[in-house]
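As a basis for the values below, the full set of heavy atoms in this structure was taken, side chains included, without hydrogen atoms, waters or symmetry mates. Here the structure is a predicted model, which is why all the values come from computation and not from measurement.
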Amino acid sequence: MKAAVCPEYGPPDVVRLEDVPAPPLDSGQVRVQVGAAAVNFPDVLLVADKYQIHVPVPFIPGSEFAGEVTEVAAGTEGFAVGDRVTGTGLFGAFAEQVCVPTAGLAPIPDGVDDGTAAAFGVAHRTAYHTLRSVARIQPGDDVIVLGAGGGVGLAAVQLATTLGARVTAVASSDEKLSIAAQYGAVSLVNHTRGDLRAELREVLPDGAHAVLDPVGGDLSEPALRSLGRGGRFVTIGYASGVIPRIPLNLVLVKGIHILGFQFQDITPDEFTRNEAELRDLLATGAVRPHIGAVYPLSEATAALREVASGKAVGKVVIDLRTPSADRSTPATP
């Protein structure tokens, strides 16, 4: 089978297309013919060996995929040949086939194509669990979303709006902010044009209820200062490459809560509730991911490069069913 392989650590350019043996099917697993895979920032970090988890080379990058079950291991229950599924894992998705445990799979709702299903998983699940169970957003809350043009950020804009919040989107370009507005953001701040703290104070004079931060770096502190008393600051990741240092006196003076998001920290009952609500939003068409660019498998390196550059808007998808793909066909809100 064909796969994008990382033979050595480095920038996205080290990844190359190769013919490799199909993965073996183990007990408790199914084989999936991959139709589409989505690119996430941790994929870039794994290739560079800068993620918190180390994956020995050579390996196939890719943590998010959708496709069709073509084989089921003996004794494995829950899925059958012909089922359309989506799944996540640490690596392996940028290939024509993956073999994965059934615990990591979910059925694709009728009417949802592979690209949409692949792009919906990690970013929307991260954003929704963060909003519901960590930031605990309520209708009418003011929410600041940093990195509002990226995968997690744009999903957070969309989902916070769906939950009834008023969203202030912060991004690095007018193009990203324009897309965020299409998905519901009511205030738009281009942080490259001036003092972010002053801009946020102008649009939110009484402060925000919550900040969602998948970026880190220089944006975190001014966003935290823009919280109202008792507000919640949720750190999700560090796409800027810089882990911020927060003056703790700000937490003391304003009674701010600083929280981190990880899937394993969500209580089982809330996790089940959140997943069911999110599946319903996808199945009914109430929410769809924004796909900003599509690449064929042969250009997986370019797809990784786009995500690494910080210029990607929404999700970048690798289409494994089409020899060549249109990179400029964004999803419609």
Side-chain angles (χ1 to χ4, degrees), residues 12 38-44 64 115-116 119-120 122-124 126-128 130-131 142-162 165-200 202-204 208 210-223 226 234-242 244 287-295 302-317 326-333:
V39 186
N40 296 289
F41 193 70
D43 301 330
V44 176
E64 191 171 20
T116 297
F120 190 78
V122 171
H124 279 72
T126 296
Y128 199 71
T130 298
L131 289 162
D142 281 300
V143 179
I144 297 170
V145 177
L146 304 181
V152 172
L154 194 53
V157 170
Q158 185 182 37
L159 291 167
T161 299
T162 300
R166 294 185 299 267
V167 176
T168 295
V170 178
S172 60
S173 73
D174 290 345
E175 177 193 4
K176 291 179 178 180
L177 291 173
S178 176
I179 297 298
Q182 293 178 44
Y183 284 93
V186 296
S187 298
L188 310 173
V189 178
N190 185 329
H191 66 78
T192 68
R193 290 187 173 169
D195 185 333
L196 177 58
R197 182 183 177 190
E199 292 280 349
L200 290 173
E202 182 176 344
V203 298
L204 295 167
V211 171
L212 271 64
D213 181 9
V215 180
D218 294 338
L219 304 185
S220 299
E221 184 177 331
S226 302
V234 186
T235 178
I236 302 171
Y238 311 103
S240 67
V242 178
V287 171
R288 285 285 191 272
H290 181 88
I291 299 174
V294 182
Y295 291 83
L304 285 162
R305 193 185 300 125
E306 180 164 346
V307 171
S309 72
K311 297 178 180 179
V313 180
K315 296 290 290 189
V316 173
V317 168
D326 182 359
R327 303 174 202 169
S328 58
T329 306
T332 302

Discussion item. Using side chain to side chain contact (heavy atoms under 4.5 Å, CB included), reason through D213 and L219 one step at a time and then give a plain yes or no.
Written reply: CA-CA 8 Å; D213 181 9; L219 304 185; 5.6 Å; no
Item to complete: Using the side chain to side chain contact (heavy atoms under 4.5 Å, CB included) rule, take L200 and V170 through it: C-alpha gap first, then chi angles, then the decisive distance, then the call.
Response: CA-CA 9 Å; L200 290 173; V170 178; 4.1 Å; yes
Any sub-3.5 Å donor-acceptor pair from [X]'s side-chain atoms to [Y]'s backbone N or O?
X    : Y    : result
T168 : S187 : no
E64  : V122 : yes
S178 : D174 : no
N40  : D43  : no

Minimum heavy-atom distance between [X] and [Y], given as atom pair plus value:
X    : Y    : result
V317 : G115 : CG2-O, 4.1 Å
V39  : A303 : CG2-CB, 4.0 Å
K176 : A312 : CE-O, 3.7 Å
K315 : G151 : CD-CA, 4.0 Å
A302 : Y295 : CB-CE2, 3.6 Å
Y238 : F41  : O-CE2, 4.3 Å

Discussion item. Which residue is it: Y183, Y128, F120? I am looking for the one with a side-chain contact (heavy atoms from CB on, under 4.5 Å) to V287.
Written reply: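 Only match with V287 under side-chain contact (heavy atoms from CB on, under 4.5 Å): F120.
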Worksheet entry | Full working for side chain to side chain contact (heavy atoms under 4.5 Å, CB included) between D218 and V242 | CA-CA 8 Å; D218 294 338; V242 178; 5.8 Å; no
Worksheet item: Side chains of T116 and P289: does their closest heavy-atom pair fall under 4.5 Å?
Response: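 Result yes, sub-4.5 Å side-chain heavy-atom pair found.
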Practice prompt. Please step through side chain to side chain contact (heavy atoms under 4.5 Å, CB included) for the pair I144 and D142, ending with a clear verdict.
Written response: CA-CA 7 Å; I144 297 170; D142 281 300; over 6 Å; no
Worksheet item: Looking at R288, Q182, H290, H124, which hits side chain to side chain donor-acceptor pair (under 3.5 Å) with Q158?
Response: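 Only match with Q158 under side chain to side chain donor-acceptor pair (under 3.5 Å): H124.
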Worksheet item: What distance separates L196 CG from L146 CG, expressed to the nearest 0.5 Å?
Response: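 Output value for this atom pair is 7.0 Å.
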